[in-house]
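Indexing begins at 1, ligand by ligand and atom by atom, following the structure's order. Everything quoted here is computed from the prediction, not taken from an experiment.
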Amino acid sequence: EQQTEEVEVFSTPSYACQRRTTLDNHNAVLTDALSLLAENAELSGEDGRGVAFRRAAAALKALPLPVTRLTQLGGVPCLGGHSLRVIKDVLESGASPEVEALRRSERFKALKVLTGIFGVGVKTAGRWIGEGILTLRQLRDSGPTLNRAQRAGLRHYDDLNRPVGRAEAAAVAAVVEAAAGSVLPGARVTLIGGFRRGKQTGHDVDFLITHPEEGREAGLMPKLVSWLDSQGFLLYQKTNSNSYLEAAEGPARPASNMDRFERCFSVFKLPEEAGRGGAGAGGEGGPRPWRAVRVDLVVSPVSQFAFALLGWTGSKLFERELRRWAGHEMNMCLSSHALYDHRQSRYLRASSEEEIFAHLGLEYIPPSERNA
Ligand code: DGT
Ligand code: MG
């Protein structure tokens, strides 16, 4: 009888966009370990390895129960030798020596601290570490030249590394709606990113803005930004203009997934209302009347809205997998602007996310189940 003890063997489809991944993760210990390895690979410029660990973690996030034995993983895709070794260690002894060593590693800690500065990427952080700069104090003291984003990032480091809560996201939304309504009546503001997927906290707040009449959204971003600035809501902003042209772009050089909308990376000065501040609000100087919050704004023409909405809701891995599915399984090219069908040599239109999933031959997955 001991031998016939039931142990469920899991199986799940191989692309994250074929799976329903809610926020309720039954294998957080395992996925945290794999995510840390992914993060380390990304911070070391090894993106391929990073994706492999992200895929492995995502496959486990989709399982309906905690894994207790390696033998349950027979039908789970994306688990390479390295990931399996880590899973085995965690299942057998509660932790992976490799992951624990990484957590303690000075280089990893330094990479995290330095890339935790808004405006500092992997390359800059790596260069600084090479110069012996491992902490914020050393950075402030040794004073390499910082650009405008990095100066803002360093100045607001604590705030920007404190998770943004839903109430704060709602407060930012109210400001963005007021701004949009004032500079372009009828503009529609949609909360995207992690908050649209139901997350309780985020590292920033992301918004997609459009207008139901095609073309009316043109030139909106500069107006929006100057309204926000004039009202004292901006600590920092950098705006990129729209560079996407379907005809010029063409399928031969498909729009890289993102970045071609009018887009604004900003740091908001968000007034703190009593009772809204999260843990740590106020800091050393006692309660402060405001906190800094990272806010991303994207403007899309209504004709591309569904693609933008799908492309900016995330998770990042879910997006990556959607594009991989489109390319490898459908001979299509998906971006945040459009879907091109190479077999029919034409763009496929869509005015809702549901239509895009249908074009892709995928079952519709709502935002709350895209937490791969
Ligand atoms: P968070 O903010 O850490 O709680 O999590 P998310 O899922 O909101 O991630 P975030 O804010 O980095 O990005 C929101 C989504 O937007 C993300 O799932 C992928 C998508 N996205 C669109 N364009 C870009 C881009 O240019 N860069 C990045 N990193 N993501 C983009
Ligand atoms: Mg976000």
Practice problem: For the residue pair Ser44 and Glu42, confirm or rule out a side-chain donor-acceptor distance under 3.5 Å. | Solution: no
Exercise. May I ask you to identify, for Arg263, whether its side chain, its backbone, both or neither come under 4.0 Å of ligand 1 on a heavy-atom basis?
Key: side chain
Quiz item: Do you see a donor-acceptor pair shorter than 3.5 Å between the side chains of Ser35 and Glu39?
Solution: no
Quiz item: Taking heavy atoms and a distance under 4.0 Å, where does Asp204 meet ligand 1: side chain, backbone, both or neither?
Solution: both
Quiz item: Strictly by modelled atom types, are His337 and Gln304 linked by a side-chain donor-acceptor pair under 3.5 Å?
Solution: yes
Exercise. Please determine if Gly193 has a nitrogen or oxygen closer than 3.5 Å to a nitrogen or oxygen of ligand 1.
Key: no
Quiz item: With respect to Arg370, which candidate in Glu353, Glu319, Glu321 satisfies the salt bridge (Lys or Arg N to Asp or Glu O under 4.0 Å) definition?
Solution: Glu353
Self-check item: Arg197: numbered ligand 1 atoms lying under 4.0 Å from its heavy atoms
Solution: 7 (O)
Self-check item: Contacts of Ser352 that satisfy side chain to side chain contact (heavy atoms under 4.5 Å, CB included) - sequence neighbours left out
Solution: Glu354, Glu355
Quiz item: Judged by modelled atom types alone, do Asn240 and Arg263 share a side-chain donor-acceptor pair under 3.5 Å?
Solution: no
Quiz item: Which ligand 1 atoms does Asp206 reach within 4.0 Å, using its non-hydrogen atoms?
Solution: 8 (O), 11 (O), 14 (C)
Self-check item: Shortest heavy-atom approach to atom 12 (O) of ligand 1 - which of Arg196, Lys316, Arg370
Solution: Lys316
Practice problem: Check each atom of ligand 1 against the heavy atoms of Gly202 and keep those under 4.0 Å away; list them by number with element. | Solution: 4 (O)
Exercise. Could you tell me whether the Mg ion (ligand 2) has an N, O or S atom of Asp206 under 2.8 Å away?
Key: yes
Quiz item: Taking distance alone, with no angle check, do Glu319 and ligand 1 share an N/O pair under 3.5 Å?
Solution: no
Exercise. Indicate whether the side chain of Glu214 and that of Ser303 have a donor and an acceptor atom separated by less than 3.5 Å.
Key: yes
Exercise. With atom 8 (O) of ligand 1 as the reference point, say which of Gly311, Ser336, Gly194 has the nearest heavy atom.
Key: Gly194
Self-check item: Proximal atoms of ligand 1 relative to Ser315 (non-hydrogen, under 4.0 Å)
Solution: 18 (O)
Self-check item: Atom indices of ligand 1 within 4.0 angstrom of Gly314 heavy atoms, with elements
Solution: 18 (O)
Exercise. Tell me which N, O or S atom of Asp204 sits nearest to the Mg ion (ligand 2).
Key: OD1
Quiz item: Is it the case that one hydrophobic cluster holds both Tyr364 and Leu348, taking links as side-chain heavy atoms less than 4.5 Å apart, direct or via other members?
Solution: yes
Quiz item: Going by distance alone, is a donor N or O of one side chain under 3.5 Å from an acceptor N or O of the other, for Ser266 and Asp296?
Solution: no
